[in-house]
Number of protein chains: 2
Amino acid sequence: MTNDSITLSDKTIGRLSLYRRVLERTPKNNKPIGHIFSHELAALAGFSAVLVRRDLMTIGFSGNPKKGYDAAELLDCIGKFLDAPGGTNVALIGVGNLGRALLAYFTYRRPMLSIVAAFDANPEFTNRVIQGCRCYSPDDMERVVQEKNIRMGIIAVPSVGAQDAADRLMRLGVTGFLNFAPVALRVPSSVYVNQIDMTMELEKVAFYARQTKE
Amino acid sequence: MTNDSITLSDKTIGRLSLYRRVLERTPKNNKPIGHIFSHELAALAGFSAVLVRRDLMTIGFSGNPKKGYDAAELLDCIGKFLDAPGGTNVALIGVGNLGRALLAYFTYRRPMLSIVAAFDANPEFTNRVIQGCRCYSPDDMERVVQEKNIRMGIIAVPSVGAQDAADRLMRLGVTGFLNFAPVALRVPSSVYVNQIDMTMELEKVAFYARQTKE
DNA sequence: GTACCTCTGTGAATACCATAACAGAGACAT
DNA sequence: ATGTCTCTGTTATGGTATTCACAGAGGTAC
Ligand SMILES: NC(=O)c1ccc[n+]([C@@H]2O[C@H](COP(=O)([O-])OP(=O)(O)OC[C@H]3O[C@@H](n4cnc5c(N)ncnc54)[C@H](O)[C@@H]3O)[C@@H](O)[C@H]2O)c1
Ligand SMILES: NC(=O)c1ccc[n+]([C@@H]2O[C@H](COP(=O)([O-])OP(=O)(O)OC[C@H]3O[C@@H](n4cnc5c(N)ncnc54)[C@H](O)[C@@H]3O)[C@@H](O)[C@H]2O)c1
């Protein structure tokens, strides 16, 4: 039914992720949603109804003009696109303030996306379990990444260590990064980097907040 | 020289914020950068050189074909666009795992953008100083927001409390939000919301990491 | 001086993305 | 049966962001 040969735009896969969480979370009169209309899903996710319909169209998911979309089937269909069949194992590099918050949040939250190991250069954090996740020394990276079949990395170390951390993980076969350090990672085109620059996001808000206030 | 009547695109103001931080941080042979070429700044920020030139063009900043752009003047010029003259005061709502990480990071980091108050419903956190920032009960919101002239809010509470927090702040004149809760805030068009959905960002990486691996 | 080189500045072309607009299908009332 | 209503599915349109391509300016080598 669903086929990965379709190309999804970057924006669309982000929205699919959000549709899924909204559907998982939102109960309708205390029982799971049966069917949902595009405009309902749009309101929950914060987009327009036509955009929802087009996203679902691109993944080849069909609804019923009278009842809307079957929520359970839609969840399944989105999962077929977003999730790797056996789940994806993630490494966290840097167990500082941000890293610990991420561990606390993501541990056991997404069944198909697990942070299975954390690494930190500070011996204070290594060889213990933090927020339910085992924390290792960077020296153990080669062994642990291979043992645990880690495919992607979250970089939450200071800027100066970010490129080095990425380089080491790439040598071990990691092909995707979520990078919180405000520095541009140099990677080959076969590796995907998603850069989150919170300072930039904050300054953007400050800019617009000022525009509307004055 | 610089005039705010120019309209900057959302993407451009984000990149300006990054150019600035890259310039502030990067020393050249242990002394501040004097001049910098568009391709150098592009490499540091992770964009293309022509995009850098285009951005600087839109803010009306000129370089020298032989020496490049004067870094100090550029910093000044970017500041004239991004910073409110007296700085912007920010409130943080929710001093949980993520909120504390944000406090630790942003306190004293950006001179023109300060988190001047935090609010949390949990009495364990209120009426004390956390990571250098005073933390109040939500009951004190009206007084504190007015006293400290707070213009924008960072929402780091669970989804269920996000809309309520935003509503209360908006009634007190706050016009911009950085929202980490994975829920669409309902706000009038005069209020700017920047939504950061880390789960979505993580799932995007998982998607692309899988594509390249197989 | 002249040929050449590099970099800025910018109009034109391209790619991408969201919205608008509408065709089609089923339900329902009369 | 027929008209109307609502929602889906899809094509057409518009707008915006980025890249392409190149003119212009100044500096350098010889
Ligand atoms: N905390 C925030 O809210 C925030 C906001 C914006 C950006 N960031 C960025 O996120 C990153 C992490 O921020 P943070 O606040 O958690 O910093 P932090 O200083 O609290 O934590 C950094 C951690 O990384 C570890 N570390 C340093 N070098 C390492 C290396 N080479 N290998 C392994 N571990 C190493 C340190 O021991 C420390 O535990 C930084 O790049 C920061 O710029 C954080
Ligand atoms: N921690 C992460 O890495 C992460 C990742 C993705 C999304 N988020 C989102 O960020 C938000 C905060 O996450 P967190 O991990 O810090 O959660 P948390 O549970 O650690 O902290 C939430 C804090 O908000 C306070 N709070 C609850 N209701 C409140 C209210 N009405 N007013 C004031 N304070 C209130 C609680 O007392 C608590 O201190 C959540 O919406 C979460 O979904 C966090």
Side-chain angles (χ1 to χ4, degrees), chain A residues 1-3 6-19 23 28 33-71 73-74 77-78 184 189 192-195 200 204 207-208, chain B residues 1-2 6-19 23 28 33-71 73-74 77-78 184 189 193 195 200 204 208:
Chain A
M1 172 192 179
T2 60
N3 188 329
I6 302 165
T7 50
L8 302 178
S9 88
D10 189 74
K11 301 281 187 66
T12 295
I13 76 145
R15 287 189 297 263
L16 289 176
S17 160
L18 187 53
Y19 298 150
L23 287 174
K28 221 180 198 172
I33 301 177
H35 288 75
I36 189 168
F37 292 121
S38 65
H39 64 264
E40 293 174 318
L41 185 49
L44 290 170
F47 308 120
S48 71
V50 61
L51 191 48
V52 169
R53 291 204 300 277
R54 239 193 50 177
D55 284 336
L56 301 194
M57 190 187 88
T58 62
I59 63 171
F61 187 79
S62 287
N64 177 321
K66 191 58 191 178
K67 306 173 87 178
Y69 300 93
D70 183 297
E73 279 181 18
L74 178 52
C77 181
I78 292 177
S189 65
Y192 180 83
V193 177
N194 191 349
Q195 183 82 29
M200 180 182 103
K204 262 162 74 165
F207 178 83
Y208 286 107
Chain B
M1 172 192 181
T2 60
I6 303 165
T7 49
L8 302 177
S9 87
D10 187 76
K11 302 281 187 68
T12 296
I13 77 143
R15 286 189 296 264
L16 289 176
S17 159
L18 186 52
Y19 298 151
L23 287 174
K28 219 181 199 173
I33 300 176
H35 288 75
I36 189 167
F37 293 121
S38 64
H39 64 264
E40 293 174 317
L41 184 50
L44 290 169
F47 308 121
S48 71
V50 63
L51 190 48
V52 169
R53 294 204 297 276
R54 176 79 57 189
D55 285 336
L56 301 194
M57 192 186 90
T58 61
I59 62 170
F61 188 78
S62 287
N64 177 320
K66 193 55 192 176
K67 307 173 86 176
Y69 299 93
D70 183 298
E73 279 181 18
L74 177 52
C77 181
I78 292 176
S189 65
V193 177
Q195 183 82 27
M200 179 181 104
K204 263 162 77 162
Y208 286 107

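Only a predicted model underlies this, so the values are computations on that prediction, with no experimental measurement involved. Throughout, protein chains are lettered first and strands after them, A, B, ... in sequence-line order, and every chain is numbered starting at 1.
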Please tell me which of the listed nucleotides, D/dT8, C/dA18, D/dT18, lies nearest to the side chain of A/F37?
D/dT8
Would you please confirm or rule out a distance under 4.0 Å between OP1 or OP2 of C/dG9 and any side-chain N or O of B/S62?
yes
In whole Å, what is the span from the CG atom of B/L8 to the P atom of D/dT18?
13 Å
Can you tell which of D/dA17, C/dT8, C/dA18 lies closest to the side chain of B/S9?
D/dA17
Pairwise side-chain contact, B/L41 with B/Y69, heavy-atom cut-off 4.5 Å (strictly under)
no
How many whole angstroms separate atom CG of B/L51 from atom P of C/dT8?
14 Å
Would you mind reading off the distance between B/R15 atom CZ and D/dT16 atom P, rounded to a whole angstrom?
15 Å
A side-chain contact here means heavy atoms from C-beta on lying under 4.5 Å apart; do A/R15 and A/T12 qualify?
yes
Would you mind classifying the nucleic acid contact of A/Y69 as base, sugar-phosphate or nothing, using non-hydrogen atoms under 4.0 angstrom?
sugar-phosphate
Check the distance between D/dG27's P and B/K67's NZ and give it to me in whole angstrom.
10 Å
To the nearest Å, how far apart are B/D10 CG and C/dC17 P?
15 Å
Is there a donor and acceptor pair closer than 3.5 Å between the side chain of B/R54 and the base of D/dT19?
yes
Could you please name the option among D/dT10, D/dC7, C/dG9 that lies closest to any side-chain atom of B/M57?
C/dG9
A/Y192 side chain near A/D10 side chain, heavy-atom distance below 4.5 Å:
yes
Residue pair A/F61 / A/E73, side-chain heavy-atom distance below 4.5 Å
yes
Kindly determine whether A/Y19 and A/L44 satisfy side-chain contact (heavy atoms from CB on, under 4.5 Å), including the steps that lead there.
CA-CA 8 Å; A/Y19 298 150; A/L44 290 170; over 6 Å; no
Side chains of A/L8 and A/D55: does their closest heavy-atom pair fall under 4.5 Å?
no
Measure CG/A/L41 against C1'/D/dT8 and give the value in whole Å, please.
14 Å
Under 4.0 Å, heavy atoms only, any strand: does B/T12 hit a base, just the sugar-phosphate, or nothing?
nothing
With sequence neighbours excluded, tell me which residues meet ring-ring contact (aromatic ring centres under 6.0 Å, His included) with B/F47.
none
Please state how far atom CD1 in B/I59 lies from atom P in C/dT8, giving the value in whole angstrom units.
14 Å
Classify every nucleotide of nucleotides 21-30 of chain C by which part a protein heavy atom approaches to under 4.0 Å, writing B for the base, S for the sugar-phosphate alone and - for neither, in 5'-to-3' order.
B-----S---
Does OP1 or OP2 of D/dT19 have a side-chain N or O of B/S48 closer than 4.0 Å?
yes
Provide, to the nearest angstrom, the distance between the CG atom belonging to A/D55 and the P atom belonging to C/dA18.
8 Å
